[in-house]
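The structure displayed is predicted, hence computed values, not measured ones. Residue numbers start from 1 in every chain, and the chains themselves are labelled A, B, ... in the order their sequence lines are given, proteins ahead of strands.
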Amino acid sequence: MPELPEVETTRLGISPHTINETVESVLVRQSSLRWPVPRSLAKKISGKTLLGIERRSKYLLLQFEHGGLIIHLGMSGSLRIVDADLELRKHDHVIIHFSNNKELRFHDPRRFGCVLWQSGDVYSHKLLQSLGPEPLSDKFTPEHLYNLSRKRKVAIKNFIMNANIVVGVGNIYASESLFMSGIRPSRQAGKVTRKEFERLTQNIKRVLAKSIKQGGTTLRDFVNGNGEPGYFKQSLHVYGRENEICTTCDSTIKQVTIGQRSSFYCPACQH
DNA sequence: ATCGCCTCCTGCGCGC
DNA sequence: TGCGCGCAGGAGGCGA
């Protein structure tokens, strides 16, 4: 479900209620997520104060003095802040109770997400090694994409969705940024020109920044930390618009499968 | 090294 | 109303 803007929206939503608060208790109702939730989680963070929440790629990093919690929302996960007396829902798997009587609840029907613990420097965790640059940072440049893409036969859409190349670009924003750049999602990455990478880099930054501003994209169930939807859906040009008219010409948006994922493009605007 | 396929899991909307 | 099917915002792991 969530791509970078949705994860960032979640971070912004839960931070004010949790940072500088002390964990009173932890309840793990379902430890069978993508990887098992560590049994020692409650022992690790009970009585400890949350110092800050950072985001790297689509991972949320909850920093404590002696280590960090690594949370990934997978396809269907969400984090919400609620008053502790609110009834638990089905699929509320991990509940962190803070001293201000708020609870952070990890909810994930499909259980593709994870809640992990890394002692010491949270960034030393294996999952955070070999990640590409953050798309909204200065390290993400046209040269970066150009250099890594030479001789690569993979479709450009898969290329920009590869977290080793650049993090945070998921299925929605890959289709959107390629449309904005006039590049067909099926093009071989190695055949995309320098000039096209300049547009693509710019448009990835643009589309992600704009979506964060609008609170992310809510297709069916995404809500921010306070239970509110995002409003970027109304800005989508191609994603989920198969058989509809292109927003810039009179052609019909096509849907194809690339790398087992639905992809959307305008056959007239994108080459 | 690179690529493409499979997998984990539940819920929803659709057609019959 | 109910059932079966296909599809869904991710991404690690594997074999070729």
Side-chain angles (χ1 to χ4, degrees), chain A residues 1-10 29-37 55-60 70-79 89-93 106-116 125-132 135 147-178 185-191 204 207-208 211-212 214-224 229-243 255-264:
Chain A
M1 131 181 158
E3 300 193 29
L4 187 147
E6 292 74 41
V7 177
E8 184 63 14
T9 297
T10 297
R29 302 170 76 215
Q30 167 64 274
S31 65
S32 172
L33 305 183
R34 173 149 202 184
W35 296 287
V37 178
R55 179 191 55 73
R56 175 74 173 107
S57 188
K58 295 170 189 166
Y59 295 98
L60 286 169
I70 301 173
I71 300 179
H72 195 291
L73 302 178
M75 289 274 265
S76 58
S78 60
L79 282 172
R89 293 182 300 165
K90 191 179 179 182
H91 304 306
D92 281 345
H93 302 315
F106 175 83
H107 180 265
D108 186 7
R110 293 176 75 180
R111 289 191 271 129
F112 290 176
C114 65
V115 177
L116 299 170
H125 195 278
K126 190 182 162 200
L127 287 170
L128 303 181
Q129 305 305 308
S130 74
L131 288 175
N147 293 336
L148 288 181
S149 65
R150 292 309 87 185
K151 295 185 179 171
R152 304 241 347 217
K153 290 188 170 14
V154 69
I156 184 65
K157 174 161 178 274
N158 291 345
F159 183 72
I160 59 173
M161 287 177 69
N162 181 344
N164 297 318
I165 306 296
V166 55
V167 302
V169 183
N171 206 34
I172 296 178
Y173 302 109
S175 277
E176 291 299 311
S177 59
L178 287 166
S186 55
R187 279 263 298 285
Q188 284 187 11
K191 295 197 172 162
I204 287 172
V207 74
L208 293 177
S211 182
I212 291 171
Q214 299 191 24
T217 299
T218 296
L219 292 181
R220 40 186 70 79
D221 57 3
F222 172 75
V223 289
N224 67 17
Y231 295 101
F232 192 72
K233 184 172 192 280
Q234 60 203 50
S235 302
L236 297 177
H237 289 103
V238 287
Y239 186 88
R241 296 193 64 244
E242 70 277 14
N243 301 325
Q255 175 174 12
V256 291
T257 299
I258 299 172
Q260 293 84 238
R261 310 295 298 276
S262 277
S263 310
F264 304 87

Engineer: How close or far is atom P of dG10(C) from atom CD of Glu6(A), stated in whole angstroms?
Structural biologist: 9 Å
Engineer: Looking at Arg261(A), does any N or O in its side chain come under 4.0 Å of the phosphate oxygens OP1/OP2 on dG9(C)?
Structural biologist: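 Yes, within the criterion.
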Engineer: What closest approach, in Å, do Thr9(A) and Gly216(A) show between heavy atoms, and which atom pair accounts for it?
Structural biologist: OG1-N, 3.7 Å
Engineer: Rounded to the nearest 0.5 Å, how far does CD1 of Ile212(A) lie from CD of Gln214(A)?
Structural biologist: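 Going from the CD atom of Gln214(A) to the CD1 atom of Ile212(A) covers 11.5 Å.
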Engineer: Whole angstroms only, please: what is the OH-C1' distance between Tyr239(A) and dA8(C)?
Structural biologist: 7 Å
Engineer: Indicate the ring-plane relationship of His93(A) and Phe106(A), choosing parallel, tilted or perpendicular according to the 30° and 60° boundaries.
Structural biologist: tilted
Engineer: Mind checking the CZ-CZ spacing from Phe112(A) to Arg34(A)? Nearest 0.5 Å is all I need.
Structural biologist: 8.5 Å
Engineer: Should the ring pair His91(A) and His107(A) be called parallel, tilted or perpendicular, given that the plane angle runs from 0 to 90° and is split at 30 and 60?
Structural biologist: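 Perpendicular.
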Engineer: Return the value, rounded to whole Å, for the distance between atom CG of Asn162(A) and atom C1' of dT2(B).
Structural biologist: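 Nearest whole value for this atom pair: 10 Å.
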Engineer: With a 4.0 Å cutoff (strictly under), does any side-chain N or O of Arg152(A) reach OP1 or OP2 of dC3(B)?
Structural biologist: yes
Engineer: Under 4.0 angstrom, heavy atoms only, what part of the nucleic acid is Tyr173(A) near: base, sugar-phosphate, or nothing?
Structural biologist: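 Touches nothing.
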Engineer: Where each residue is assigned the nucleotide of DNA chain B containing its nearest heavy atom, which of Gln260(A) and Leu148(A) is assigned the position nearer the 5′ end?
Structural biologist: Leu148(A)
Engineer: May I ask you to verify if any side-chain N or O of Lys126(A) is less than 4.0 angstrom from the OP1 or OP2 atom of dG12(C)?
Structural biologist: no
Engineer: Counting distance alone, no hydrogens or angles: does the base of dC9(B) have a donor or acceptor under 3.5 Å from a partner atom on the side chain of Arg111(A)?
Structural biologist: no
Engineer: Looking only at the side chain of Met75(A) (C-beta and beyond, no hydrogens), which of the listed nucleotides dA8(C), dG4(B), dG11(B) gets closest?
Structural biologist: dA8(C)
Engineer: Look at the side chain of Val154(A) and decide which nucleotide, out of dG12(C), dA8(C), dC3(B), has an atom nearest to it.
Structural biologist: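 Out of dG12(C), dA8(C), dC3(B), the nucleotide with an atom closest to Val154(A)'s side chain is dC3(B).
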Engineer: So, for Arg111(A) and Ser76(A), which heavy atoms are closest and what is the spacing to 0.1 Å?
Structural biologist: N-OG, 4.2 Å
Engineer: Between dC6(B) and dG6(C), how far apart are the two P atoms, rounded to whole Å?
Structural biologist: 15 Å
Engineer: Below the 4.0 Å mark, does dA8(C) have OP1 or OP2 next to a side-chain nitrogen or oxygen of Ser262(A)?
Structural biologist: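 Checking dA8(C) against Ser262(A), a side-chain N or O does come within under 4.0 Å of OP1 or OP2.
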Engineer: Would you classify Gly259(A) as touching base, sugar-phosphate or nothing, given that sugar-phosphate means primed atoms plus P, OP1 and OP2, and contacts are heavy atoms under 4.0 Å?
Structural biologist: nothing
Engineer: Whether Lys153(A) contacts dC3(B) is assessed here as follows: a side-chain N or O lying under 4.0 Å from the phosphate OP1 or OP2. Is that the case?
Structural biologist: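 The answer is no; no side-chain N or O of Lys153(A) sits under 4.0 Å from OP1 or OP2.
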Engineer: Using heavy atoms to find the nearest nucleotide of DNA chain C for Asn171(A) and Leu131(A) separately, return the residue whose nucleotide is more 5′.
Structural biologist: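 It is Asn171(A), whose closest nucleotide lies nearer the 5' terminus.
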Engineer: dT10(B) C1' sits how many Å from His93(A) NE2, rounded?
Structural biologist: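 Going from His93(A) (NE2) to dT10(B) (C1'), I get 9 Å.
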Engineer: Rounded off to whole Å, could you give me the CZ-to-P distance for the Arg110(A) and dG10(C) pair?
Structural biologist: 10 Å
Engineer: Taking only N and O in the side chain of His72(A), is any of them less than 4.0 Å away from OP1 or OP2 of dG12(C)?
Structural biologist: no
Engineer: With centres under 5.5 Å and planes under 30° as the test, does Phe112(A) stack with dG10(C)?
Structural biologist: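 Phe112(A) vs dG10(C): stacking yes.
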Engineer: Which one, dG11(B), dG12(C), dG9(C), comes nearest to the side chain of Ile172(A)?
Structural biologist: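 Out of dG11(B), dG12(C), dG9(C), the nucleotide with an atom closest to Ile172(A)'s side chain is dG9(C).
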Engineer: How would you label the contact of Lys90(A) with the nucleic acid (heavy atoms, under 4.0 Å): base, sugar-phosphate, or nothing?
Structural biologist: sugar-phosphate
Engineer: Categorize Tyr59(A) for me: base, sugar-phosphate, or nothing, with a 4.0 angstrom heavy-atom threshold over every strand shown.
Structural biologist: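 Here Tyr59(A) touches the backbone only, sparing every base.
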